[in-house]
Amino acid sequence: CWVQFEMWDSDDPVPRVELLKRVKGCEGILCVLTEKIDAQLLNAAGPNLKVVSTMSVGFDHLSLDELKKRGIRVGYTPDVLTDCVAELTVALLLATSRRLIEATHEAKTGGWGTWRTLWLCGHELANSTVGILGLGRIGVAIAERLKPFKVKKFIYTDVALRPELANMIEAEYVSLDELAKQSDFLAICCALTPETYGICNWNLFSKMKKNAIFINTSRGGVVNQEDLYEALSTGLIAGAGLDVTTPEPLPTHHPLFTLKNCVILPHVASASYTTRNSMSALAANNLLAGLRGEPMPKELKL
C-alpha cells in the first residue's frame, strides 16, 4: 500500500488551526490523544476520509457518534500497553502509600534527623483490600502484580459483571458504595464516558476509609479534582496518586500540587520505549489496513 503522508514533526501538539487546514482531503488520519476528532475536524477533512487511527487505548478524544454517522472506521491500540500501564500504576501506588516523594525530599533538604518512631509512616499492601473501578485488561494486570504483596482481597465495580476477568484475579463484584467503603487501595481503571465523568467525587471520597489510597491512571475527567483536594487536605483519605488530570498539563499553581499526600505524574503510564514503539506500529498498521479496506489488527467497533 503506497501512501503519501504529511507528518507534524514536533513533540508539541499540532495547533488546531493548522490541523484543520492540513486534514482537508485526507483519506486517513493518525492521531494521538491531544487531538480532538470532532464534527468540526471531520467536516474540514471532507468526504474522502475513510479511517482514523489513534495511538491510544482511550478514545474519549474521538466523537464516536460523528465517526459512525459518516461511516469512518476507527483503529486504536489496546493490549500493547497493558503491562506498561499496570507496572506504572503499581509504582505510583507504592510511591504514594509509602510516601516516597516526601521521603526523598526530606533526605535532600535536611529533614532527615534521628530515627523517629512514626516519621514518614505509610500504608502497606499486606492484608489489604484492593478495589478496582472498571475491570478490564489493565485492572486485571494491576491485580496480578499486586497479588504477591499478600493482598487479602480484590473487589471491583463496573457497568456489568465481568466474570471471566474477575475469576482470573478472584475479584468480587460490589456496588460503588461498597467499593468506596471497603477499599484500602482504590485503583481507577475505567474509560472516560458520559457515565464515568466525575464519578470520583465527594460522594465517593466521603465513604472511603481514612487510611485509603486513591490511584488514577485512567483519565483525569473521571475525578472531580476540587472534591479530591478537599478530601486530601482535610485528611478524609490518606493519599492520592494521579497520572492523569484535568487539564493536562495541570497548571503548576494548582492546589493539588501544594499537598504532600498527593503524587502527580505527567501522564506517563505507557511511557516505556518498548510500549510506545508497539503503539506506534499498531496505529500505523491499523491505518494502512483501514485504507486498504481490510480488517484492522485492532478496530474499535462503533
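- The local environment of CD in Glu294 is crowded, with over 12 non-hydrogen atoms from other residues, nucleotides or ligands closer than 6.0 Å.
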Next on the checklist: Walk me through whether Phe205 and Phe214 qualify under ring pair (Phe, Tyr, Trp, His ring centres under 6.0 Å).
Outcome noted: CA-CA 9 Å; Phe205 300 132; Phe214 175 85; 5.3 Å; yes

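- At distances below 3.5 Å, at least one donor-acceptor pair connects side-chain atoms of Asn201 with backbone N or O atoms of Gly198.
- In terms of heavy atoms, Leu41 sits closest to Leu20 at CA-CD2, 3.7 Å.
- Closest of all the heavy-atom pairs between Val268 and Asp243 is N-OD1, 2.7 Å.
- Residues meeting the salt bridge (charged side-chain N to carboxylate O under 4.0 Å, His left out) test with Lys36, sequence neighbours left out: none.
- The structure places CG of Leu287 at 9.5 Å from CD1 of Ile29, a figure rounded to the nearest 0.5 Å.
- Heavy atoms of other residues, nucleotides or ligands lying less than 6.0 angstrom from CG of Asp65 number 12 at most.
- The heavy-atom pair separating Ser56 from His61 by the smallest distance is OG-CE1, 3.4 Å.
- Between the Trp8 side chain and the Asp12 main chain, a donor and an acceptor come within less than 3.5 Å of each other.
- Within the 3.5 Å criterion, the main-chain N or O of Leu161 finds no donor-acceptor partner in the side chain of Asp158.
- Around atom CD of Glu124, no more than 12 heavy atoms belonging to other residues, nucleotides or ligands sit under 6.0 Å away.
- In this structure, CE in Met55 is found 10.5 Å from SG in Cys31, a value given to the nearest 0.5 Å.
- Side-chain atoms of Arg162 and Asn167 include no donor-acceptor pair closer than 3.5 Å.
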Next on the checklist: Before you tell me yes or no, could you show the steps for Thr275 and Ser278 under side-chain hydrogen bond (donor to acceptor under 3.5 Å, both in side chains), namely the whole-Å CA-CA distance, both residues' side-chain angles and the distance that decides it to 0.1 Å?
Outcome noted: CA-CA 5 Å; Thr275 293; Ser278 301; 5.9 Å; no

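- The backbone N or O of Gly239 lies less than 3.5 Å from no partner atom in the side chain of Asn261, so there is not a single donor-acceptor pair.
- The two residues Arg276 and His267 have their closest heavy-atom pair at NH2-O, 4.3 Å.
- Looking only at distances, a side-chain donor or acceptor of Ser206 sits under 3.5 Å from a matching main-chain atom of Asn203.
- Formation of a donor-acceptor pair under 3.5 Å by the Ser53 side chain with backbone atoms of Ala283 is found in this model.
- With hydrogens and angles disregarded, a donor-acceptor distance shorter than 3.5 Å links the side chain of Thr196 to the backbone of Ala191.
- Taking SG of Cys200 as the reference point, atom CD of Gln225 lies at 11.0 Å (rounded to 0.5 Å).
- The heavy-atom pair separating Leu120 from Glu106 by the smallest distance is CD1-CG, 4.3 Å.
- Remark: Lys68 engages no residue in a salt bridge (charged side-chain N to carboxylate O under 4.0 Å, His left out) (not counting sequence neighbours).
- One hydrophobic cluster holds both Ile142 and Val57 under the rule that ILVMFWY side chains link at heavy-atom gaps under 4.5 Å.
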Next on the checklist: Determine whether Leu242 and Cys262 satisfy the following criterion, side-chain contact (heavy atoms from CB on, under 4.5 Å), listing intermediate values before the conclusion.
Outcome noted: CA-CA 8 Å; Leu242 312 173; Cys262 188; 4.2 Å; yes

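- Partner Glu102 forms a side-chain hydrogen bond (donor to acceptor under 3.5 Å, both in side chains) with one of His105, Arg98, Arg99 and no other, that one being Arg99.
- Between the CG atom of Leu64 and the OG1 atom of Thr193 there is a distance of 11.0 Å, given to the nearest 0.5 Å.
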Checklist entry - Can Leu42 and Leu67 be said to form a side-chain contact (heavy atoms from CB on, under 4.5 Å), step by step? => result CA-CA 8 Å; Leu42 297 173; Leu67 288 156; 3.9 Å; yes

Next on the checklist: Met296 vs Val51, test: side-chain contact (heavy atoms from CB on, under 4.5 Å). Steps then yes/no.
Outcome noted: CA-CA 10 Å; Met296 290 182 196; Val51 55; 3.4 Å; yes

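- Open room surrounds CH2 on Trp112; 12 or fewer heavy atoms of other groups in view lie less than 6.0 Å from it.
- Taking the charged nitrogens against the carboxylate oxygens, Asp184 and Lys152 have no contact shorter than 4.0 Å, which rules out a salt bridge.
- Of the possible polar contacts, none joining the Glu178 side chain to the Ser175 backbone as a donor-acceptor pair under 3.5 Å is found.
- The local environment of OH in Tyr173 is crowded, with over 12 non-hydrogen atoms from other residues, nucleotides or ligands closer than 6.0 Å.
- The pair Glu66-Lys69 meets the salt-bridge criterion, with a side-chain N (NZ, NE, NH1 or NH2) lying under 4.0 Å from an Asp/Glu carboxylate O.
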Checklist entry - Going through the distances and angles, do Asp38 and Arg16 end up as a salt bridge (charged side-chain N to carboxylate O under 4.0 Å, His left out)? => result CA-CA 12 Å; Asp38 55 10; Arg16 183 75 177 175; 2.7 Å; yes

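- Judged purely by distance below 3.5 Å, without hydrogens or angles, the side chains of Thr217 and Thr89 pair a donor atom with an acceptor atom.
- At distances below 3.5 Å, at least one donor-acceptor pair connects side-chain atoms of Asn216 with backbone N or O atoms of Arg219.
- By the neighbour-count criterion of 12 heavy atoms within 6.0 Å, atom OH of Tyr197 is sparsely surrounded, having that number or fewer from other residues, nucleotides or ligands.
- Criterion: ILVMFWY side-chain heavy atoms under 4.5 Å apart, direct or through other members. Under it, Leu125 and Ile213 are part of a common hydrophobic cluster.
- Atom CG of Leu135 and atom CD1 of Ile155 lie 12.0 Å apart (nearest 0.5 Å).
- Legend: residues meeting salt bridge (charged side-chain N to carboxylate O under 4.0 Å, His left out) with Glu6, ordered by chain and number and at least two apart, are Arg22.
- Annotation for Leu228 and Ala240: closest pair CD1-CB, 4.1 Å, computed over non-hydrogen atoms.
- Within 6.0 Å of CD on Glu87 lie no more than 12 heavy atoms contributed by other residues, nucleotides or ligands.
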Checklist entry - Are Val130 and Lys153 close enough, and set up right, to give a side-chain contact (heavy atoms from CB on, under 4.5 Å), and what steps lead you there? => result CA-CA 6 Å; Val130 172; Lys153 186 172 153 193; over 6 Å; no

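- Put simply, CG on Leu236 and NZ on Lys207 are 11.0 Å apart, with the number rounded to the nearest 0.5 Å.
- Side-chain N or O atoms of Gln182 include none that pairs as donor or acceptor with a backbone N or O of Thr129 at under 3.5 Å.
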